[in-house]
Amino acid sequence: MNEPLVLGIETSCDETGVGIVRGSTLLADAVASSVDEHARFGGVVPEVASRAHLEAMLPTIERACAEARIQLADLDAIAVTAGPGLVGALLVGTASAKALALGLGKPVYAVNHLAGHVVVDELEHGPLPPVAVGLLVSGGHSSLLLVHDDAADITPLGATLDDAAGEAFDKVARLLGLPFPGGPWIDAAARDGDGAAIAFPRGLTASHDMAEHRYDFSFSGLKTAVARWVKAQQAAGNPVSVPDVAASFQEAVVDVLTRKAVAACLEHGSEHLVLGGGVAANSRLRAVAAERCEVAGIILRVPRPGLCTDNGAMIAALGAKLVRQGAVPSDLGFATRSVLPITIVVMNGSLDA
Amino acid sequence: MTLALDTASAWSTVAVVAGDVVVAEAEHHDPRGHAEVLATLVSQVLARAGQPPIDVVACGVGPGPYTGLRIGVTTAQVLGLAWRVPVVGICSLDAIAANAVSAGGVAGEPARTGAFVVATDARRGEVYWAVYDLAGERTSGPFVGRQADVDEAAGALRWVGEQAGEQQVRAGVLGALANRLLAAGEMPGAAVRTLSNHGTDDGVMAGELTGQRLLAPFPLYVRRPDAMPTGAA
Ligand SMILES: [Zn+2]
């Protein structure tokens, strides 16, 4: 049998993504972002994102088909993010996917966004052997996952208890007068700073926290600590070094993320750590993860930045894997879920109870 | 053969319409249910109509609660893409007016002013509304505003149904209306699309739709997003 030709639709946040894969070969990755429209609001505005998704959907589907040099009628299946994410945004994607599946007479797979972040790495680095650990960090999520099979069997190890890592970057950037989204700006500012200049707290790393929240994260205390530190310096009339604050904040985030991820690999006998999500584009996170994985004898897998951020290719890749595994497609009546546990990789009749 | 659908009200409504004749129609009442039921309703209606080849998709473009409205508009747009057929928009209030006229609910009453108002719930104590003549032609609107504003503007005009109550759009009526306009050679106004663009539509501009009946398949939000730019709050 030919490798399945699958189109994936992703609209969980502010990127309208349409990707097309044949099996594990990436044919197209079209993304339209509404990030510039959110910048003046200092964060993603759900209603603005939903309106932008609707306007971008058709052009993005057409661009992906042109890029892949295929006709919609050639497709074997449609895959779409059913959750987790902003519900109004998700609904534009799921309505599109249902209509496409219905209009073309092809099956639709309603899938979990987070699983897509793991599977996408296989487009670049080949099959992911079990068992692997996934560290997914973005403005919307921060999770550690134990991956037995990225299209069927994923166990959550931990997640953020408050802010997502990317959210902390945005908030600290705002505090330092840097633009939204904050990640790239903090990363750039930190290059001229000293990460050891200020000892910011490492959330949930104290021994009593490690007992209860071994693989969970918390970034809200860190954000408050940065705000308090900046305020104190200003009150004392001291100059605030934006590079040093950025570097020290970034160091605190990266330290906790990589320490817990490597510990999870060692504890669960995983030889592979996969990074995903927008924050995986952070240069310091990549560098520290590489260092610590090297020391621990773990293979670090990081997709290129364009595939780390939200995109349709990751959903298409997951869809293609489900088709090959003979997974049951989703019913046209499937629900969209702003909260979707990672234990549900695809929503179909039997699992969607 | 036209596939018509609307999700601007608490109903999801779908019909296959040939000219003025409703071949098959289905609806489902659930203000939060559009996303789950709409595709299934389309599938059922197409099956009941005998899987006819569809030449046009017509969708209600509101105004109405945004999340549900977007489900219908997105579905219509993508079906048009998959089938390679044109997609046209109809103001959902026009379909309510047309339904009232065809049901005799307007013409059957003694006309005081020769006109009536259609209003639907816009939440937050406001209504979406437009004014129609007795033939069901929109003479102004659609607008969004408080009930009191509408009362004042509408004066002694007759209202359709309960004021700001749940108004049902019927896809069969909407499809027949679209077919009539298409048969008369009307084309969707290109300018209308800019009114639907996020952030540019403040409800005043929507009033410029007066006289435009066949619309581009984009939602009539009639309100800007609520968010305040940072620094403006
Ligand atoms: Zn993501």
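Here is the naming used below: chain letters follow the sequence lines, and residue numbers restart at 1 for every chain.
For the atom pair B:Leu41 CG and A:Leu332 CG, the distance stands at 11.0 Å (nearest 0.5 Å). For the atom pair CZ (B:Arg84) and CD (A:Gln71), the distance works out to 5.0 Å, reported to the nearest 0.5 Å. Here A:Leu54 contributes atom CG and B:Tyr66 contributes atom OH; the two are 13.5 Å apart, rounded to the nearest 0.5 Å. Remark: A:Leu104 CG to B:Leu81 CG distance equals 8.0 Å, nearest 0.5 Å.
Side chains of A:Lys98 and B:Leu38 form no contact here, defined as non-hydrogen atoms less than 4.5 Å apart.
Within 6.0 Å of CH2 in A:Trp185 there are 12 or fewer heavy atoms belonging to other residues, nucleotides or ligands. At most 12 heavy atoms of other shown residues, nucleotides or ligands fall within 6.0 angstrom of atom CZ in B:Arg146.
With a 4.5 Å cut-off on non-hydrogen atoms, A:Ser50 touches chain B through its backbone and its side chain both. When heavy atoms are compared at a cutoff of 4.5 Å, B:Ser43 approaches chain A by way of both its backbone and its side chain. Heavy atoms of A:Leu72 lying under 4.5 Å from chain B belong exclusively to its side chain.
Nearest heavy-atom pair, A:Ala99 versus B:Thr75, reported as atom, atom and distance to 0.1 Å: CB-O, 3.6 Å.
Counting heavy-atom pairs under 4.5 Å between each of A:Ser34, A:Ser96, A:Ala73, A:Ala97 and chain B puts A:Ser96 at the top. Chosen from A:Val87, A:Leu58, A:Thr94, A:Val92, the residue pairing most often with chain B at heavy-atom distances under 4.5 Å is A:Leu58.
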**Report entry** From CA spacing to verdict: side chain to side chain contact (heavy atoms under 4.5 Å, CB included), B:His34, A:Leu91
**Finding:** CA-CA 10 Å; B:His34 306 104; A:Leu91 285 168; over 6 Å; no
